[in-house]
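Just so we're on the same page: letters track the sequence lines, and every chain starts at 1.
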2 protein chains.
Amino acid sequence: MESIPRQQDTARQWMRASRTERPVVDSTVTIKDVAEHAGVSVGTASRVLSGNPATSATARERVQAAVTELGYRPDARARALRSARSHAVGLLVSDVRNPFFADIAHGAEQAALGASYVTLLANANEDTAQQDIYLEAFLTQRVDGIVIAPQGEGGGNLRALERARTPLVFVDRTVDGFDVPSVTADNAQGVELAVAHLAAEGHTRIGYIGGPSSVSTGRARHDAFLAAVARHGLDEDPDLITAGDFRSASGGAAAAALLGHRRPPTALLAADSLMAVGALGEVRRQGRRIGADLALVAFDDIDWFGELDPPLTVVAHDARELGARAVRLVLDIIEGRPVESAVLPMRLVVRESSTGRPAAD
Amino acid sequence: MESIPRQQDTARQWMRASRTERPVVDSTVTIKDVAEHAGVSVGTASRVLSGNPATSATARERVQAAVTELGYRPDARARALRSARSHAVGLLVSDVRNPFFADIAHGAEQAALGASYVTLLANANEDTAQQDIYLEAFLTQRVDGIVIAPQGEGGGNLRALERARTPLVFVDRTVDGFDVPSVTADNAQGVELAVAHLAAEGHTRIGYIGGPSSVSTGRARHDAFLAAVARHGLDEDPDLITAGDFRSASGGAAAAALLGHRRPPTALLAADSLMAVGALGEVRRQGRRIGADLALVAFDDIDWFGELDPPLTVVAHDARELGARAVRLVLDIIEGRPVESAVLPMRLVVRESSTGRPAAD
DNA sequence: TTGTATGCGTTATCAA
DNA sequence: TTGATAACGCATACAA
């Protein structure tokens, strides 16, 4: 009786597909079927499948044969339910469409794959509500661990995570008041590199296009900018400080505001790639030319920044490495190894956008 | 006896975390705990939780209270195991770092979220082997359906998918020999629009930077290009045809080859955004200027293409819509509704890169 | 080395 | 409307 609803279900599901293929194998081949087909007990089949050494060569052989013949695929959910390990990690990025986070995701995914963990990638879309939804989903899916580039002040489900004791790692960003292992970049150093470079190029008025103060990197870069400007004796004009939301449009708006002042800056520093691109557009619209009329340095080294005209000078961090390290960190927690937060260095890649001339290298 | 290993496990897992917080609630609150706390049976608790109308107001109230008090979160795995529905769809894109696919992913994710499905996003990294790995993972995770932008000729697990009868939808790309519902763009129309535009601008020698012939969009655009060139009476010179791999570097190489010929093209058409960016870099390196010296039209309207200098003329498809439609399609299959493949129109967005002058609109 | 039996957390069946 | 109980697919303790 029990299996009938399931079959009906499957039938209904494919009713209109009207495919002409052979009904080969049912989708739900269980370990029981395998055991039967191999002429062994489920216990033996299970042992063979999970690599338990307590198996005979014949058993292994017959079970393997049955597996390939029936097209058996273990049910990860049942397995996880029984063994309290899902072998899945959740990765929550702020915005998949931001190339920087796409790179982080890629690095994280590859690292997880290497450890034979599956990655559940979710996209908060720079929105705290969506972050909570996906965090909730991760929790109900019982992922073994979570890597997140967090939004906001850390209310809502971020606290629930702590309570649920799910292994958690912050990547790129952190949240105040959370004692969570993290892999971040040395933002202060990055800003210092950029400002020092622009100062060396003779600029004294640098316009800053910052990120939102609700994000740790936004705050860190802002503070570092102020410090660096003071340190290098540049103009500490509040008019030179703007803030966007890490998205393209806000970069354009910020650039417009900066360039609209009576004493506009001669150089621009954008706190992320998307805002840099927005600024690029605004500068062009104003009929000015990056490199020649106005220097531009951006955070985040996106692959194609070097292909632009002019190529963009950037403060780069290795996003892939950031993602990979974060995953390794969360696996360390999961598997009970000692964990250590990491701060990765940033480096300056000088190109024409800040010098007006082809780079030396 | 049975629960002891689990507790040990949890303990080991957090041993070195040495956090000082209160042990508030154990992570694994089950429905049993909820029922006990509420003074009802698990059956009643389950009914309340799943919105079964056969519940009394008091029962609902008490269970809800217990849920919030204990911080209960249903176990999606157990739920899926029992109900044969995971409420998860797998999304496999060719390359997350390609902005076009990032947009597709975003659209798909939002659509799934709207239907309260979770999206498992995986990245094939333009690699058939990785595609198979993730397909395998989707299968073992027993996702309810899969949306994929497929790689290669469709060997390996793509066939296994068919056999497993997992609802499947192709997005953007298709694979010959598979009778699978799909959401694609009208590539032929897109190419025609681009070629017609360039012809109208007076170009007779258009260099084509195509995609790999192993991908359906690569083939479709290639064939359409040949047809359009013939139709408009332009130079049908084989030297004007190149092929890349949908990645930046190959676009640069293709541009170099095209521009190196004795009779170089006066316009370039790139079959995707990343290759267009690569071409952009190569053109700059050769000291030429897009728009003025050489026209460029690209496939895929990436947000920031309009911000570049000069802004890029593109053949655009709405990637978000592509992703959203694909998800809706797979949900249609899952939930037994009639399904219908869709071909979305493309449209030409004319900007300076192909005209040398600011666009009218 | 193997088989049997139990339980993981949940939903669904069946009586009450 | 409710409670007891079986079953989902799998892994493991225990006995053989």
Student: Grab the CZ-P distance between B/Arg142 and D/dG9 for me, whole Å please.
Tutor: 9 Å
Student: With sequence neighbours left out, which residue pairs that include part of residues 125-176 of chain B fulfil the ring-ring contact (aromatic ring centres under 6.0 Å, His included) condition?
Tutor: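 Not a single pair qualifies under ring-ring contact (aromatic ring centres under 6.0 Å, His included).
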Student: According to a strict under-4.0 Å criterion, is B/Ser46 in side-chain N/O contact with OP1 or OP2 of C/dT11?
Tutor: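 Indeed, a polar side-chain atom of B/Ser46 lies that close.
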Student: Given C/dG9, C/dT2, C/dT10, identify the nucleotide with an atom nearest to the side chain of B/Tyr72.
Tutor: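 Nearest to the side chain of B/Tyr72 among the choices is C/dT10.
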Student: Start at the 5' end of DNA chain D and walk down; is the nucleotide closest to B/Leu81 or to B/Val40 reached first?
Tutor: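 Nearest nucleotide further toward 5': that of B/Val40.
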Student: Can you tell me how far P of C/dG9 sits from CZ of B/Arg77, to the nearest Å?
Tutor: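 B/Arg77 atom CZ is separated from C/dG9 atom P by 8 Å.
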Student: Answer yes or no: does a side-chain N or O of A/Thr44 lie under 4.0 Å from OP1 or OP2 of C/dG3?
Tutor: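 Indeed, a polar side-chain atom of A/Thr44 lies that close.
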Student: In whole Å, I'd like the distance from the CZ atom of A/Arg85 to the P atom of D/dT12.
Tutor: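 A/Arg85 atom CZ is separated from D/dT12 atom P by 12 Å.
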Student: Could you pull out all residues at least two apart from B/Ser41 that satisfy side chain to side chain donor-acceptor pair (under 3.5 Å)?
Tutor: B/Thr44
Student: Separation of B/Gln141 atom CD from D/dC10 atom C1', in whole Å?
Tutor: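 The answer, rounded to whole Å, is 14 Å.
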Student: Given that B/Arg79 and A/Gly43 both sit by DNA chain C, which one's nearest nucleotide is further toward the 5' end?
Tutor: A/Gly43
Student: Describe the nucleic acid contact of A/Arg47 in one word from base, sugar-phosphate, nothing, applying a heavy-atom distance below 4.0 Å.
Tutor: base
Student: Nearest to the side chain of A/Arg82, which nucleotide is it out of D/dG9, D/dG3, C/dT11?
Tutor: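 Looking only at side-chain atoms, A/Arg82 lies closest to D/dG9.
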Student: For the pair made of CG in B/Asp33 and P in C/dT10, what is the distance, rounded to whole Å?
Tutor: 9 Å
Student: Which pairs of donor and acceptor atoms, one on a side chain in residues 111-119 of chain A, lie under 3.5 Å apart (sequence neighbours left out)?
Tutor:
from, atom 1, to, atom 2, distance (Å)
A/Tyr117, OH, A/Glu335, OE2, 3.3

Student: Do any side-chain nitrogens or oxygens of A/Thr30 fall under 4.0 Å of OP1 or OP2 in D/dG9?
Tutor: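 Result: no.
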Student: Going by atom types only, do A/Arg60 and A/Thr55 share a side-chain donor-acceptor pair under 3.5 Å?
Tutor: yes
Student: Would you please name every residue forming a side chain to side chain donor-acceptor pair (under 3.5 Å) with B/Arg320, sequence neighbours left out?
Tutor: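 By the side chain to side chain donor-acceptor pair (under 3.5 Å) rule, B/Arg320 matches no residue at all.
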Student: Once you round it to whole Å, what is the distance between C1' of D/dG3 and NZ of B/Lys32?
Tutor: 14 Å
Student: Report the distance from atom CD1 of B/Ile31 to atom P of C/dC8, rounded to the nearest whole Å.
Tutor: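 B/Ile31 atom CD1 is separated from C/dC8 atom P by 14 Å.
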Student: Counting only non-hydrogen atoms, which of residues 48-57 of chain B are less than 4.0 Å from DNA chain D?
Tutor: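 Here the set is B/Ala54, B/Thr55, B/Ser56.
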Student: Just call it for A/Ala80: base, sugar-phosphate, or nothing, with non-hydrogen atoms closer than 4.0 Å on any strand.
Tutor: nothing
Student: Hey, does A/Val63 have a side-chain heavy atom less than 4.5 Å from the side chain of A/Val34?
Tutor: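 Yes; the side chains approach each other to less than 4.5 Å.
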Student: Calculate the interatomic distance between A/Glu36 atom CD and C/dT2 atom P; express it in whole Å.
Tutor: 18 Å
Student: Under the side chain to side chain donor-acceptor pair (under 3.5 Å) rule, collect the residues that match up with A/Ser94, sequence neighbours excluded.
Tutor: A/Arg173
Student: For D/dA11 and A/Ser83 - does any side-chain N or O of the residue sit under 4.0 Å from the phosphate oxygens OP1/OP2?
Tutor: no
Student: For a quick check under 3.5 Å, do A/His106 and B/Asn125 share a side-chain donor-acceptor pair by atom type?
Tutor: yes
